[in-house]
Amino acid sequence: RPIRAGSYTDELVQTAKSIASPGRGILAVDESNATCGKRLASIGMENTEENRQAYRQLLLTTPGLGAYISGAILFEETLYQSSTDGKKFVDCLLHEKIMPGIKVDKGLVPLPGSNNESWCQGLDGLASRCAEYYKQGARFAKWRTVVSIPSGPSALAVKEAAWGLARYAAIAQDNGLVPIVEPEILLDGDHSIERTLQVAEKVWAEVFFYLAENNVVFEGILLKPSMVTPGAEHKEKASPETIAKYTLKMLNRRVPPAVPGIMFLSGGQSEVEATLNLNAMNQGPNPWHVSFSYARALQNTVLKTWQGRPENIGAAQKALLVRANANSLAQLGRYSE
Ligand code: 13P
């Protein structure tokens, strides 16, 4: 029996398994208020609590979403929020058999002594916050830290990212939340895909070293990696087959089969690119469930369709179902354009 996570161990394993279920993935809706403000600004809307509620309501009350989505990551404001007709968003999700999740990190700040890199805050008070979020209905958590390839990455930044993720994962498990472990390796830069592979292998090696050192139960975590791609400004683009080959090589070398699910971030890929890449990764058997945890690649068309107008809500929800269905098929390796 795993040595950590006390009374929650069995539940954590069950939660992770249900999120990593065939044909389903995660809808990331955990934009901070500032980031949500940017999304709203792109359709000319003001960043008010009311507008954020309206947008989240559109997403989280989409009828039938649970066929494709097994978990939704929320920002703290949304976890405690209700729809305009008074139904808690948590209950809207449970109604669709979607597990509510919560972003628990406190964001990035500069890391002194590094190459202009950053570190992720949020460990202070994390245990009591996780316990509160559990009471509120959350069953999984997310902590996003970043690694930048053009800025190094320095040994210090990688170590800090890996250690922070491991401490967070242990604390989340102790409080009943399945931790999503997310060291986002940013797409920015003109580096080759080989360079990304090299950095990703280094980062994941350290992450798993510290996860083990902190007695994290691997059966009760989920990963949120970046796909292994060339830098966004690299001269050549890679095909989905190449991205799948490099990404699976990295994961096979670094991720134990005890981990139930790999839920990729979209990281600025277009909606269709993110779907095609996921589909390419599911053309053969993998030791883990390989799926999605997309924010932008599920929401871009939704926002454009909605435009903040009540009369567009139905069409925007349809647009969400189209992307969610496409990624569901890609999870099963059966998507075609
Ligand atoms: P993107 O899919 O837009 O990269 O966002 C996923 C996410 O939650 C990043 O932390």
Side-chain angles (χ1 to χ4, degrees), residues 19 25-40 42 55-56 59-60 68-79 98-108 118-122 138 140-149 161 164-165 168-169 172 177-189 196 200 203 207 221-229 231-232 243 247 261-278 281 290-304 319-320 323-324 326-328 330-331:
I19 294 173
I26 295 176
L27 170 63
V29 202
D30 60 321
E31 298 84 4
S32 64
N33 287 352
T35 305
C36 189
K38 281 188 217 159
R39 307 282 183 265
L40 292 171
S42 75
Y55 181 49
R56 267 67 188 256
L59 295 170
L60 303 177
Y68 316 117
I69 300 294
S70 53
I73 321 175
L74 309 177
F75 192 59
E76 192 180 50
E77 176 179 278
T78 318
L79 183 70
I98 299 173
M99 200 76 81
I102 175 77
K103 171 186 171 78
V104 300
D105 67 74
K106 293 280 187 185
L108 302 164
S118 55
W119 69 290
C120 183
Q121 303 186 112
F140 71 103
K142 159 183 146 172
W143 174 285
R144 170 184 178 260
T145 190
V146 305
V147 173
S148 156
I149 296 182
L165 282 165
Y168 138 77
L177 303 180
V178 166
I180 294 186
V181 176
E182 180 181 3
E184 176 169 356
I185 298 171
L186 298 172
L187 279 178
D188 311 65
T196 308
V203 169
V207 169
I221 64 175
L222 295 166
L223 307 187
K224 184 155 169 166
S226 312
M227 295 179 194
V228 177
T229 68
I243 291 170
T247 306
I262 312 279
M263 321 298 288
F264 286 105
L265 58 91
S266 61
Q269 295 177 18
S270 75
E271 291 176 334
V272 173
E273 267 174 344
T275 305
L276 288 172
N277 292 339
L278 180 62
M281 278 188 264
V290 174
S291 192
F292 59 92
S293 175
Y294 296 158
R296 283 165 289 177
L298 281 168
Q299 293 183 42
N300 286 345
T301 302
V302 178
L303 264 171
K304 270 188 222 140
L320 177 60
R323 282 326 316 152
N327 288 308
S328 165
Q331 196 291 309

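Both ligands and their constituent atoms are indexed starting at 1 by order of listing.
In this structure Tyr168 satisfies the ring-ring contact (aromatic ring centres under 6.0 Å, His included) test together with Trp143, sequence neighbours excluded. Take Glu271 and apply the salt bridge (charged side-chain N to carboxylate O under 4.0 Å, His left out) test, not counting sequence neighbours, and it matches no residue. Among residues two or more places apart in sequence or in another chain, the salt bridge (charged side-chain N to carboxylate O under 4.0 Å, His left out) test is passed with Arg56 by Glu31.
Across all their heavy atoms, Asp105 and Arg144 have their closest contact at OD2-N, 2.9 Å. When every heavy atom of Leu298 is checked against every heavy atom of Leu320, the shortest pair comes out as O-CD1, 3.7 Å.
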For a distance cut-off of 3.5 Å, show me each N or O of ligand 1 paired with any protein N or O, plus the separation.
residue: ligand 1; atom: 2 (O); partner: Ser266; partner atom: N; Å: 2.9
residue: ligand 1; atom: 2 (O); partner: Ser266; partner atom: OG; Å: 2.5
residue: ligand 1; atom: 2 (O); partner: Ala295; partner atom: N; Å: 2.9
residue: ligand 1; atom: 3 (O); partner: Arg296; partner atom: N; Å: 2.9
residue: ligand 1; atom: 3 (O); partner: Arg296; partner atom: NE; Å: 2.7
residue: ligand 1; atom: 3 (O); partner: Arg296; partner atom: NH2; Å: 3.4
residue: ligand 1; atom: 4 (O); partner: Gly267; partner atom: N; Å: 2.6
residue: ligand 1; atom: 4 (O); partner: Arg296; partner atom: NH2; Å: 3.0
residue: ligand 1; atom: 8 (O); partner: Lys142; partner atom: NZ; Å: 2.6
residue: ligand 1; atom: 8 (O); partner: Lys224; partner atom: NZ; Å: 2.8
residue: ligand 1; atom: 10 (O); partner: Lys142; partner atom: NZ; Å: 2.5
residue: ligand 1; atom: 10 (O); partner: Glu182; partner atom: OE1; Å: 3.2
residue: ligand 1; atom: 10 (O); partner: Glu182; partner atom: OE2; Å: 2.8

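Without hydrogens or angle criteria, Thr196 side chain to Val228 main chain gives no donor-acceptor distance under 3.5 Å.
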